[in-house]
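The structure appears below as structure tokens.
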Amino acid sequence: MLYMGNVNRVIFWGVIPLIFLSYLAFKLYEWRYITDENRYLITTQHARNLKADHDFNCLILGGSNSVFSLSAEQMSRQTDLRCYNLSLLNEGFSDQAYFQFVDNIPLDKNKIDYVFYSSVYPLTTKHFAKRLEHNQRGTGLSGEVSFNLVGTPVAENFKNWLLNDRRFFASTRQYPLPNLYGDFNFQEYARCNSKGIKSAWNVVSDHEALTAWTHSQISEITRLFPRAEVHLILPSTLRSNVSDLDLSNVSEILHAITSERSIHYIKQSPFLDTSVLCDGPHHANSTGRDMRTHELLSAFQRFR
Amino acid sequence: MIRKQLAVWVIAAVVSYTISDHQVFSRIFMPLGVVACLAFLYQYTQVKYSEYLLFFTISIASLFGLTEALTGSHAETSHVLLFGLSFYTTSIAYLIATKSFSTSKIWSVSNPLLLSTGPIALYCKSIFHKKMKERIKYYVPFMIIGIFMFRVVASPLTEFFFLVENTDLLSSLLFAVIFEVFVYMNFCGLSLLIYGLFGVLGYRIPLNFKQPFSSHNMVEYWRAWHISLSHVLKLLFYQPLRARAPLFTALMGVFLASAMWHGVTLNFLLWGTFHTVFIWLTIRLLQRGHKFLCFVLMPIAIVVGRLIFADSNTERLIEKLVFSFEGFDGVHSLLDVTPQAQIALFFGILMILVEFMFRHAKVMRKRNYKYLRTPFALSILCIFGALFISNVGLDYAVYGQR
């Protein structure tokens, strides 16, 4: 019993603090590997593209759903529009950051006749909550690359070590730079893998917050592009688990707001299976992008 | 003494402000102001039955839509005047009923950490006579268990919340079970964390949970669940009612008061009635010596009770209570979440099973989580915690500031 007491003391005052310190050291070490996955370079590439070509009269705005799943090049080729895809991954993390980026881009805002704003936030309770949180924190375009005590579980690093050539940290994902139309370059992205993509989202249930957020987004867009015809888009996603009732409630709210604000509303149909997806339920691959862009253009033609 | 209480209040305010998403000073100072006003008002007026008025303040706020019903999703109020209302009014009601409310209690009643997570501040006793090393040795284990329950188990379980939409029998029961695990791990985890933190700082506050899943029946279960609220309900409702009315009426009074405290909605009315019937039945069966039957009734009451508790959408709740079996599709939804959420569910169920299976073991008898506070168990929790803690899920207090 005497020895047992000593063992307990060693565990409490020695082993447990050691576990905590090891965890802290591991997280600090891991922090060195965190990058913004090319987000900052992508924004500078957009600025370069738009500085070189002043001829665009149509913009695609939004988050990763429109980065992956809408093509400004296809829209320009199939209509008389001259479109540029100015969407950013994670929609710039916060609304302030995104709209500031759009505002500062070298582009004559008065020459923009059409804006297509496609955001996935109305379809995702969790991401919507995160968005509002980022808005409050004022998170910037590169996201949260600051030190976080809690992030990816350490167990996942061990899994990497076992499966990934004895390396603790998986190679960091680097998104490719956009092409001249601002579109995502699938040829330079080798991480498309639709296996295991699941539809597990919930549409936003806090309708009051959603209404306030949508009004705020529309106000920002109409302020930035006073002459433009604005189209608010509910994007295609893999959403087989979402109830029709919840979806139609959200859709009705968006429809009512757009009518009130005299802008257009386009609800895109869902992705039916993972074969048209790249790496997420709202990220199409090149085939899915063709389909979604084609559907958007058909809906757009009806307004003309 | 007041200086020490003030120091703890300031530390709690700093912690609360730092970890809060909103970081607004008014959320910390407003309750202090309101509690101070109530304390001075009570000192000079001492209105009769003011404890009942205070207890039901949160129900009145809920009735007028000023606060949300406490169904387990994030129910934090957006009205700055109402922050912490449910906890401090209940706390004051208890102190008035025990004739111990005075201006000296302002700091403990309005402590920002207690108001953001519970328990209800029934007391806040100084333990400064114990050395710091002793306090660390005794109270830090509670903090480790609390962090594990809250961050490693409860938060990732919010990934399963989409199941609330499903109304078929299997999905509804599955959600009720997962939600019970979530509420326990979230509320108990935060209560243990706060209990440990206050202990280290030199104050003993109520231990809000006492291994409820080590119970043999519903009476024991309720004695071990949200103990601080149970004390208030017993003092304000059970004792006066039992002196004048039969057992069933007294129980009905207690559970309806509890239901109204959680929110003035139909599901809580139903929840209160449901538990009244079950606890009354349990007491009657125990009086007749049918212990096994009470044991069988317990999981049914817990799961179905939680099913009713969790859904304030009346139409959907009624659909669920029809209990229509529509196949085994609900089970597949367990795979529709991240691996972290699946691991969290495994840990949660495992902890509850251990609490239940070994309830007769010597280490379990005091029901104060001693089995988890042994250095060996703590090191296991720390290792698994370090391996699996993640940023998956939402980290809010179920009984948050409302």
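Predicted model, so just to flag it, every value in this text is computed and none were measured.
Because its NZ or CZ atom is not both nearer than 6.0 Å to the ring centre of W13(A) and within 45° of the ring axis, K137(B) does not count as a cation-pi partner of that residue.
Considering only heavy atoms from C-beta on, L378(B) stays 4.5 Å or farther from I11(A) through its side chain. The shortest side-chain heavy-atom distance between S379(B) and F12(A) does not fall under the 4.5 Å cut-off.
Heavy atoms only, all atoms of each residue included: C382(B) and I16(A) are closest at SG-CG2, 3.7 Å. Nearest heavy-atom pair across A386(B) and I19(A) is CB-CG2, 4.2 Å.
Here the straight-line distance linking atom OG1 of T125(A) with atom CZ of F162(B) works out to 12.0 Å at 0.5 Å rounding. R316(B) contributes atom CZ, which lies 8.5 Å from atom OG of S243(A) (distance to the nearest 0.5 angstrom).
Summarising the local packing, NZ of K370(B) is surrounded by 12 or fewer heavy atoms from other residues, nucleotides or ligands at distances under 6.0 Å. Counting non-hydrogen atoms of neighbouring residues, nucleotides and ligands closer than 6.0 angstrom, the CD atom of E260(A) exceeds 12 such neighbours. Heavy atoms from other residues, nucleotides or ligands lying under 6.0 Å from CZ of F325(B) number more than 12. A 6.0 Å sphere centred on CZ of F384(B) holds no more than 12 heavy atoms belonging to other residues, nucleotides or ligands.
In terms of heavy-atom pairs under 4.5 angstrom with chain A, the leader among V392(B), L335(B), T374(B) is L335(B). The most heavy-atom pairs under 4.5 Å with chain A, out of I343(B), T338(B), I389(B), come from I389(B).
Only the side chain of D246(A) comes within less than 4.5 Å of a heavy atom of chain B; its backbone N, CA, C and O stay farther away. Proximity to chain A is absent for every atom of L381(B), based on heavy atoms less than 4.5 angstrom apart.
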